[in-house]
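Letters A, B, ... mirror the listed sequences (proteins, then strands); counts begin at 1.
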Number of protein chains: 4
Amino acid sequence: MSGSVNKVILVGNLGRDPETRRLNSGEPVVNLRIATSETWRDKASGERRERTEWHNVVIFNENLARVAEQYLKKGSKVYIEGQLQTRKWQDKDGQERYTTEVVLQRFRGELTILDSRNGGGDLAGEEEGGSLGYSGGRGGDFGRSSPMERRPAAASGGSKFPNDLDDDIPF
Amino acid sequence: MSGSVNKVILVGNLGRDPETRRLNSGEPVVNLRIATSETWRDKASGERRERTEWHNVVIFNENLARVAEQYLKKGSKVYIEGQLQTRKWQDKDGQERYTTEVVLQRFRGELTILDSRNGGGDLAGEEEGGSLGYSGGRGGDFGRSSPMERRPAAASGGSKFPNDLDDDIPF
Amino acid sequence: MSGSVNKVILVGNLGRDPETRRLNSGEPVVNLRIATSETWRDKASGERRERTEWHNVVIFNENLARVAEQYLKKGSKVYIEGQLQTRKWQDKDGQERYTTEVVLQRFRGELTILDSRNGGGDLAGEEEGGSLGYSGGRGGDFGRSSPMERRPAAASGGSKFPNDLDDDIPF
Amino acid sequence: MSGSVNKVILVGNLGRDPETRRLNSGEPVVNLRIATSETWRDKASGERRERTEWHNVVIFNENLARVAEQYLKKGSKVYIEGQLQTRKWQDKDGQERYTTEVVLQRFRGELTILDSRNGGGDLAGEEEGGSLGYSGGRGGDFGRSSPMERRPAAASGGSKFPNDLDDDIPF
DNA sequence: TTTT
DNA sequence: TTTT
């Protein structure tokens, strides 16, 4: 139906390096494995307990896929915004299986890096923050500005990024 | 890890009536099946297309479970806020399977009814709005007010609700 | 700084019809006045109380501005996603004043109509749902589809909308 | 009206140390000044530009106020979830003025610390992560656990926190 | 006033 | 498999 919203917001850490596949068109599709966890004190035992949840994130958004591919690695902390999608597949025995993923579709979703130490080579020397952000949209659409618009198209991590990216991705 | 966020926001319609189980303690646990969908025009064919996503929602939050049980039915439109959880189970062949659900834990999550016509008998006569909302927390904690607090505990659908609920649930 | 998020999510009703200004370029900028409210029972007095909050929403996103202009009116219920922005202005005495608004920037933000009865003439005959949604992005960017993308660009309210809009806006 | 949602999500940095007032009851109310910003490349000039937005956050949630008071300081990066509230006040000339704030009401809202270096004395020696999180609710309500509940009450930053807090606040 |  |  229309009139619906399907949104997932995660802040967590990558359990492993991003994995990149490529479409026939050459566009990257990046898979992330992200952990979120909660800890609490068990009142009965007085012990501290923890529950970790693992999320499969799939990035079709081309700009965000490139950011993920280049600046994220195992351990990176990120803010992710995508949508829930469950897809059906067949296991080796031909049985139907379902997998639910957090998907950042083309031109949609958000990815913001919340640390810098994991931000890849260019940022390795950063003293601390150095994070980098970009929120959806299409790089090429932006850049014009007027007082009425009162806003930038995307966030930036400074001038430390390679130029080829700098042209394609608006940060 | 701490420093993490795991949040799902859905606005969609129930595909069937809520299903209620009860814990040994007597507390209700309500399962919802919620559809969200997107429609778009295919540029190539010019045809309108639609994709519907189905979500399994599990409500452990006692107050919200009671609201769901009593006021939601097939077709109801709701705003839901919960967290992603994947649980492992075994199918009849003993194989490990995984199911991902949107969970509203005890004292957590949000549920707001966005229509009234589907809101069940008590609301059937509503002219239009008449929806009903409640956001997390514990009923018994609220009710005191002071200028400094500047806020109510929860939203309401009017005075049409049964009194036993009215005492337990802050709406 | 990068690594930041500024997001507002509202579900509420329009307190008056949308107001449209036009940029020199002819693009519409739409202002909405949206009410959200919470009701609760005061434990001390036993009385039901309510607090309504009014929000100023400014839509620079061209597609969403057009949707708002054409399909929203006083009383409409909407889901809105934008960002907080505070702007300085001078009152008639030359004093600095500040106003905080929820802004949907160009190519950003989301707007989903959650009722149909308020959705204007075309939807008046709808049996019930019939709402209409569109989420950010740029219409012209969408329309190609491939199995890998697995998603539509935007939501729709059916085939009842005027064709000129139908070409510009992806619903 | 009911059926409404009023939610703000911020990830940003504190521009100054938290400021604490106390209610007559002794409960702390903490004010934060949080910056979010976006940077983008101006297509016309080729220059990098930035826009910073400042947010006033007011924490009435007692547990979160204590966390903020003790572990946040100027420069800390946080995830905040609250609601928009505009309050009227009178300036020194008796004129009506309005201020819009992001408010975490009693038993509501979320606060998650996204860095540790700013986490205060106990965390000062932390090598890196060490963040700390807690999401709404009432400490005293949690701690019981059962398989059906499948969730913890709150997140934790380890065993480094003073015990008096450890009893009151579930982390 | 933060952060990069 | 992350993080603390």
Listed nucleotide nearest any side-chain atom of [X], set [options]:
X       : options             : result
D:Asn13 : F:dT1, F:dT2, E:dT3 : E:dT3
D:Glu50 : E:dT1, F:dT1, E:dT3 : E:dT3
A:Lys74 : F:dT2, E:dT1, E:dT2 : F:dT2

How many whole angstroms separate atom [atom1] of [X] from atom [atom2] of [N]?
X        : N     : atom1 : atom2 : value
A:Asp115 : F:dT3 : CG    : C1'   : 11 Å
D:Leu114 : E:dT2 : CG    : C1'   : 14 Å
A:Ile113 : F:dT3 : CD1   : P     : 15 Å
D:Ile80  : E:dT3 : CD1   : C1'   : 16 Å
D:Tyr79  : E:dT2 : OH    : C1'   : 20 Å
D:Lys77  : E:dT4 : NZ    : P     : 7 Å
D:Tyr71  : F:dT4 : OH    : C1'   : 14 Å
A:Leu10  : F:dT2 : CG    : P     : 18 Å

Inset, instruction - Determine whether any donor atom in the side chain of D:Thr52 lies under 3.5 Å from an acceptor atom in the base of E:dT2, or the reverse, and answer yes or no. - result: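 Looking at the base of E:dT2, it does pair with a donor or acceptor on the side chain of D:Thr52 (distance under 3.5 Å).
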Legend entry - Those residues that, when tested against C:Thr86, pass side-chain contact (heavy atoms from CB on, under 4.5 Å) (two or more places apart):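 Testing C:Thr86 for side-chain contact (heavy atoms from CB on, under 4.5 Å), a comparison that skips the adjacent residues, returns C:Tyr98, C:Thr100, D:Glu53.
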Legend entry - Ring-base stacking, A:Trp54 with F:dT1 (5.5 Å, 30° cut-offs):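 Per 5.5 Å and 30° rule: yes, stacked.
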Legend entry - Side-chain ion pair, A:Arg22 and A:Glu69, N-O less than 4.0 Å: yes
Legend entry - Side-chain touch B:Glu81/D:Lys7, heavy atoms, less than 4.5 angstrom: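 They are in contact (side-chain heavy atoms under 4.5 Å apart), so the answer is yes.
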Legend entry - B:Asn56: partners by side-chain hydrogen bond (donor to acceptor under 3.5 Å, both in side chains), with sequence neighbours left out: B:Arg33
